[in-house]
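First comes the structure, then the notes that go with it.
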Amino acid sequence: MSDYVLEVKKLKKIYGLRTQNEFEALHNIDFQVKLGEFICIMGPSGSGKSTFINNISTIDMPTSGLVYINGVEIRTMSSNEIGKFRYQNLGFIFQDFNLLDTHTLYENIAMPLSLAKVKSKDISKRVQAIAESMNIEHLLSKYPRECSGGQKQRAAICRALIGNPKIIIADEPTGNLDSINSQELLSILKQLNEEQKVTIIMVSHDAMIASYSSRLIYIKDGIIEETLVRGQLSQEEYFQKIIELNSKEYQRVLKDKC
Ligand code: ADP
């Protein structure tokens, strides 16, 4: 039995396969994550971060290579099995929350369970419980447009957590939030990570947010170009290292322009 909650072997993603626009976005990436790690993925725009996160989390399928989530290789499952597997193993938080405007918060939060055909009585219990834990139980019959950004964020977190996933995948989760709501989201993620050993894999371009991680991978041109491990560093020291890593890229861009 492997130690890893996520193991990626020679992951390759080619867009537009066998067309004139064939483009290899990820080149044979090897990557492993242990239970309870908090990983941040950084890198310049267009470097492959979203492609990577989508292909390691069943949202998209790699062109080649292997992706094991909690020991199961994702391509050994049928699409029906993947639906159930996804809600039992993975929770997703996206930049724009991805709540459906035509559905109430209740329906949005229940979505992963509804898709996995969990009984409606069980769904109801679980939605109530998770909404109470995030203090939005009084908003369950409201539509996203009737809620504030912070309330929508809490609903999105409820939806991500409804299946008690052991891995949370977050793509620029604080991208559309003000600093108070960003801090709140980070503290919820940190608490889940530290107290419940939930593994977090998050894309962010913000060095401050990244400094909450335990390991940072820097993706450039479809490969993992560098890795930083926080280890015994204080958060401030780690933050400085992250700034240095990113400033190398800014310097390169400036040099190319001049
Ligand atoms: P990032 O998240 O780092 O900004 P992406 O993963 O979105 O980068 O994109 C990586 C590269 O793959 C970019 O060059 C982008 O144009 C290309 N790409 C992304 N999605 C598609 C797609 N659906 N079809 C073709 N090319 C794509």
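Residue numbers run from 1 in the order of the sequence given. One-based numbering, in listed order, for ligands and for the atoms of each.
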Partners passing salt bridge (Lys or Arg N to Asp or Glu O under 4.0 Å) against E194 (at least two apart in sequence or in another chain): K190
Who passes salt bridge (Lys or Arg N to Asp or Glu O under 4.0 Å) against D60, sequence neighbours left out? K13
Any side-chain to backbone donor/acceptor pair from R75 onto P62? Under 3.5 Å, distance only. yes
Could you tabulate the donor-acceptor pairs under 3.5 Å formed by side-chain atoms of residues 218-230, not counting sequence neighbours?
| unit_1 | atom_1 | unit_2 | atom_2 | d |
| --- | --- | --- | --- | --- |
| E226 | OE2 | K248 | NZ | 3.0 |
| R230 | NE | L233 | O | 3.0 |

The answer, listing residues by chain and number that come under 4.0 Å of ligand 1 through any heavy atom, is Y15, F23, A25, P44, S45, G46, S47, G48, K49, S50, T51
Hey, which of I39, I56, D3, I167 is the one that makes side-chain contact (heavy atoms from CB on, under 4.5 Å) with V33? I39
If you measure from the Lys or Arg side-chain nitrogens to the Asp or Glu carboxylate oxygens, is any gap between R154 and E184 under 4.0 Å? yes
